[in-house]
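The structure under discussion appears below in the form of structure tokens.
Throughout, numbering of the chain's residues begins at 1 and tracks the sequence. Every value quoted in this text rests on a predicted model; they were computed, and no experiment measured them.
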Amino acid sequence: MRTTFRTTTFALVAGISVTSPAYSDDPGPPPPLMPIPSARQIAWHERGMYAFVHFNMNTFTDREWGDGTESPQIFHPSEMDTDQWCRVFKNAGMTGVIITAKHHDGFCLWPSDHTDHDVQSSPWRDGGGDVLKDLSESCRRFDLDFGVYLSPWDRNHPLYGSGDPYNQFFADQLREVLTNYGNVFEVWFDGANGEGPNGRRQVYDFDLFHRVVRELQPEACIFSDAGPDVRWIGNERGIVGETNWNLLKRADFHPGITGRNRELNEGQIDGTHWIPGEADVSIRPGWYYHESEDDEVKDLGGLLDVWYGSIGRGANLLLNFPVDRRGLVHEHDAAAVLELRRAIDSILVEDLARNRPSTSAQSRGDDHGTMGASSAVDGDPATYWAAEDGASAGTIEIALDRPSPVDHVEIREFLPLGQRVGKFSVQCRTVDGWTTVAHGSTIGNRRIVSFPAVMANRIRVVIEDSRAAPTISHIGVYSGPPRVEIVSDEHSFIDRTEAYLAADRDAAVIHYTLDGSIPTRASPRHLGGPIRIDEDTDLRAVAFEGDRRSLRVAETAFRRFDARNLRDPVHGIDWEAPRAGVLEVTMYEGGWQSLHDLPNQESIGRTTADRVDASLRSRDHHCGLVFTGFLRARETGVHTLHLRSDDGSRLHLGEELAIDNDGLHGRYEKSIQIPLKSGWHPIRIEWFNATGDHDLQIEMEGPGVPRRPLRAADLAAGPKP
């Protein structure tokens with residue numbers, strides 16, 4: 001597949017189509033929209049998901065960043081097995097591995113001729129070990145690509161901070177790594193730049209480092225904040241922007257740049273160079289192994305969120321595995337990534353659009369020609385649908401074999417001609433006619449949209465805006481595993497309530513539990529109708545369709561309140577308030593550390609307000625507000641109040657302090673659930689701001705009321721003082 005794509009790239013740049021025999025009226029391919037990817041970048045785009053391995057001195061010190069003073073004697077994995085790593089990665093559908101050959105502490109996982117701070121000085125294999133040799137050979141055995149991470153920051157070596165001498169030292173180490181271990185598909189440069197052992201910082205010569213990579217591994221992509229081949233996506237959560245251009249103004253960026261995370265996350269529509277995004281994230285909270293995190297491995301839901309937010313938005317995914325002190329991928333990490341692989345396979349098990357009749361009124365040339373709509377569903381990445389010159393929009397319609405539940409659509413642009421699409425939507429034809437099920441901005445290498453299943457017999461991909469005539473190389477339509485929804489009028493209730501379970505397709509069978517355990521086929525089967533709940537309950541449900549199970553467990557926690565604990569109002573629901581729709585507000589000024597200082601503050605005035613926020617403050621800093629009056633509970637039941645502020649705030653109901661959000665802090669929210677009888681309840685809200693942002697908001701939800709800010713109709717004040 002990679003060979004085909006690279007050949008196509010060069011042929012198109014030369015202006016010759018090699019994808020299929022030419023028709024007499026074939027207008028030829030559209031001109032490339034610059035910038036376009038290089039051959040090595042095209043190969044990189046095809047790699048999809050691959051592993052990051054953080055394994056180094058920090059593994060044995062239980063730290064994330066070492067300081068360079070660690071003794072090589074502590075590096076001693078007891079069961080080192082890179083074949084085990086690669087077996088896990090290969091079975092998880094990954095295409096390669098990038099390892100931290102040298103992290104900031106300077107310890108080298110290979111025997112280096114330029115430092116003693118390396119594996120040769122460790123007791124592991126009596127100093128005869130070489131992690132890079134082991135891993136590169138394992139990669140070849142398991143048909144995985146091999147990549148390396150080298151941090152230029154070296155907190156151990158005495159040359160760090162010396163300028164050219166250190167840069168040459170680092171280049172020499174880079175030569176060792178890129179010469180002795182076969183082909184390298186990616187070289188990962190960290191932008192971290194701190195002090196070395198002598199207290200000095202180093203000015204890195206990245207031009208020199210790049211020249212070494214190009215000389216020794218010309219097919220390797222170079223990663224950093226600024227590329228030049230692949231960019232960081234601005235966060236370590238593995239989530240790229242909903243908008244994700246593969247373009248960047250390269251001259252404006254450099255490794256270690258700060259304050260440009262949004263542009264790195266989304267790319268730039270007017271970028272001068274092709275620099276696609278790589279999303280990196282760890283399968284655990286930390287990058288290195290910590291035994292305390294053995295039970296904090298991302299679950300399937302978290303990993304799917306990463307997959308949709310990276311692969312599904314056109315980026316590559318670099319998923320980190322903190323190899324443990326044994327020298328193995330931990331069992332929990334392996335189980336999690338293999339579960340992710342099974343989930344992905346269950347989504348993409350059958351492409352309902354493959355080779356189905358497809359049409360487009362905007363095809364370049366004849367719709368049955370080389371760039372007709374059928375080229376988007378033929379499964380060949382070297383063919384593509386293209387719109388006619390001058391078009392900035394277009395539609396491809398696909399007829400499915402039969403009405404089917406559809407919940408995923410995958411779209412790919414033909415990248416050798418550049419990235420073009422800036423806005424698209426997906427429509428499905430159901431028994432009720434055409435309905436739009438998804439919207440998106442960019443497409444790029446691979447866009448996967450997920451939506452609630454609909455029974456459809458035709459699909460449309462509508463390109464709504466494009467920088468030039470759009471080109472689409474692939475459209476896939478899928479029916480993922482069934483989903484379950486839990487529906488209930490109230491999750492917090494008085495005495496009893498009911499819950500309903502609904503699957504997204506008729507053929508699904510729902511099983512559920514009430515004790516918080518994961519449902520299986522042996523769990524109670526839902527036969528329809530309500531599930532009656534009269535105690536604290538953790539309801540979970542899944543659906544089965546054949547041998548497929550819901551990817552995510554639907555769950556809702558229900559909390560029961562005793563009717564004897566309902567609070568009585570001071571006024572009935574029909575009370576005619578002296579001042580309806582407002583609260584009394586007292587304004588304060590003075591130095592604040594806490595609302596405990598309130599009794600010592602002197603008020604500077606009073607007024608009324610029809611909402612609770614900080615707009616009535618007398619100044620931006622060292623100020624306070626107190627709101628008093630009554631809050632309406634429209635219906636008897638459990639009500640939830642949410643109080644958010646920066647700095648401190650408190651909420652009193654009657655004489656009771658219901659929410660204490662006091663103190664000096666940034667924007668922070670606290671909530672409480674309270675059983676209230678219908679009517680008017682006394683309320684008091686206190687707020688102060690020292691020097692932070694002036695934020696204050698209170699929201700309410702309850703029987704018949706979705707979560708929303710308090711409105712004037714919810715408020716009342718007593719007689720004027």
Side-chain angles (χ1 to χ4, degrees), residues 48-52 85 87-95 235-240 279-287 293-313 315-322 329-350 405 407-408 410 446 448-453 478-486 501 503-505 508-513 515-523 538-557:
M49 179 171 65
Y50 35 92
F52 211 178
W85 307 1
R87 186 176 298 109
V88 171
F89 303 152
K90 187 69 175 181
N91 290 340
M94 295 182 160
T95 61
N235 65 59
E236 294 181 343
R237 296 180 293 108
I239 305 296
V240 75
D280 62 318
V281 63
S282 185
I283 201 166
R284 294 171 174 234
W287 291 94
E293 295 177 355
D294 281 352
D295 294 325
E296 298 183 55
V297 178
K298 284 183 170 58
D299 62 13
L300 178 59
L303 289 174
L304 280 171
D305 288 342
V306 168
W307 184 73
Y308 284 117
S310 57
I311 298 292
R313 292 180 176 177
N316 280 9
L317 172 58
L318 181 61
L319 181 61
N320 180 66
F321 294 84
V329 174
H330 193 276
E331 295 85 344
H332 294 181
D333 304 33
V337 74
L338 293 175
E339 185 180 18
L340 173 64
R341 179 73 262 163
R342 290 190 295 271
I344 294 170
D345 290 344
S346 70
I347 294 171
L348 306 178
V349 63
E350 180 186 6
D407 59 5
H408 287 78
E410 177 185 24
R446 188 180 188 189
I448 302 170
V449 292
S450 172
F451 46 88
Y478 304 95
S479 178
R483 309 183 199 190
V484 182
E485 183 180 6
I486 299 174
L501 305 180
D504 63 358
R505 62 202 68 181
V509 177
I510 301 174
H511 292 263
Y512 68 95
T513 61
D515 60 1
S517 60
I518 303 298
T520 67
R521 292 182 188 270
S523 303
D538 188 356
L539 172 61
R540 296 190 176 192
V542 298
F544 294 88
E545 182 186 35
D547 60 355
R548 297 195 300 170
R549 195 207 81 172
S550 303
L551 298 179
R552 302 176 190 262
V553 178
E555 57 182 303
T556 300

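Closest heavy-atom contact between Ala343 and Leu551: CB-CD2, 3.5 Å. Here the closest heavy-atom approach between residue Asp407 and residue Pro481 is recorded as OD2-O, 3.9 Å. In terms of heavy atoms, Val484 sits closest to Ala541 at CG1-CB, 3.9 Å. Looking at every heavy atom in both residues, Phe544 comes nearest to Val542 through CE1-CG2, 3.6 Å. Closest approach of Arg341 and Asn91 over heavy atoms only: CG-O, 3.5 Å. Nearest heavy atom pair, residue Ala508 against residue Pro482, reads CB-CB, 3.8 Å.
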side-chain contact (heavy atoms from CB on, under 4.5 Å) assessment of Ile311 paired with Arg446 | CA-CA 7 Å; Ile311 298 292; Arg446 188 180 188 189; 3.4 Å; yes

Step by step, work out the side-chain contact (heavy atoms from CB on, under 4.5 Å) result for Tyr512 and Ser523.
-> CA-CA 6 Å; Tyr512 68 95; Ser523 303; over 6 Å; no

Steps toward side-chain contact (heavy atoms from CB on, under 4.5 Å) verdict (Arg87, Val329) | CA-CA 10 Å; Arg87 186 176 298 109; Val329 174; over 6 Å; no

Apply side-chain contact (heavy atoms from CB on, under 4.5 Å) to the pair Asn316 and Ser310, showing each step before the final yes or no.
-> CA-CA 6 Å; Asn316 280 9; Ser310 57; over 6 Å; no

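A donor-acceptor contact shorter than 3.5 Å links the side chain of Glu293 to the backbone of Gly286. One N or O on the side chain of Asp504 and one on the backbone of Arg483 form a donor-acceptor pair closer than 3.5 Å. Remark: side-chain polar atoms of Arg313 are paired, donor with acceptor, to backbone N or O of Val240 under 3.5 angstrom. A donor-acceptor pair under 3.5 Å is formed between the side chain of Lys298 and the backbone N or O of Ser282. A donor-acceptor pair is defined here as one N or O able to donate and one able to accept, closer than 3.5 Å; such a pair exists between the side chain of Arg548 and the backbone of Ser346.
Residue Met49 holds its CE atom at 9.0 Å from CH2 of Trp307, rounded to the nearest 0.5 Å. Here Thr95 contributes atom OG1 and Lys90 contributes atom NZ; the two are 8.5 Å apart, rounded to the nearest 0.5 Å. With rounding to the nearest 0.5 angstrom, the NE2 atom of His511 is 11.5 Å from the CG atom of Leu501.
Between Ile283 and Pro322 there is a side-chain heavy-atom pair separated by less than 4.5 Å. Counting only heavy atoms from C-beta outward, the side chains of Val553 and Pro519 approach each other to under 4.5 Å. The closest side-chain heavy-atom distance from Tyr308 to Ser450 is below 4.5 Å. In this structure the side chain of Asp280 never reaches within 4.5 angstrom of the side chain of Leu317, judged on heavy atoms. Taking the side chain as every heavy atom from C-beta outward, Leu340 and Leu304 approach each other to under 4.5 Å. When side chains are defined from C-beta on, Leu348 does not count as touching Ile448, because their heavy atoms never get closer than 4.5 Å. At a threshold of 4.5 Å between non-hydrogen side-chain atoms, the residues Val281 and Asn320 do not count as touching. A heavy-atom distance below 4.5 Å is not found between the side chains of Asp538 and Thr513.
In this structure, Glu339 does not pair ionically with Arg342, as no charged nitrogen and carboxylate oxygen lie closer than 4.0 Å. A salt bridge between Arg552 and Asp305 is present, with a side-chain N of the basic residue lying under 4.0 Å from a carboxylate O of the acidic one.
Glu350 and Tyr478 are not linked by any side-chain donor-acceptor pair at a separation below 3.5 angstrom, with hydrogens and angles left out of the test. Side chains of Arg505 and Ser479: a donor-acceptor N/O pair is present below 3.5 angstrom, by distance only.
Put simply, the residue from Asp333, Asp299, Asp295 that forms a salt bridge (charged side-chain N to carboxylate O under 4.0 Å, His left out) with Arg284 is Asp333.
The salt bridge (charged side-chain N to carboxylate O under 4.0 Å, His left out) check on Glu555 picks up Arg540, with sequence neighbours excluded.
Aromatic ring centres of Phe89 and Tyr50 lie farther apart than the 6.0 Å criterion allows.
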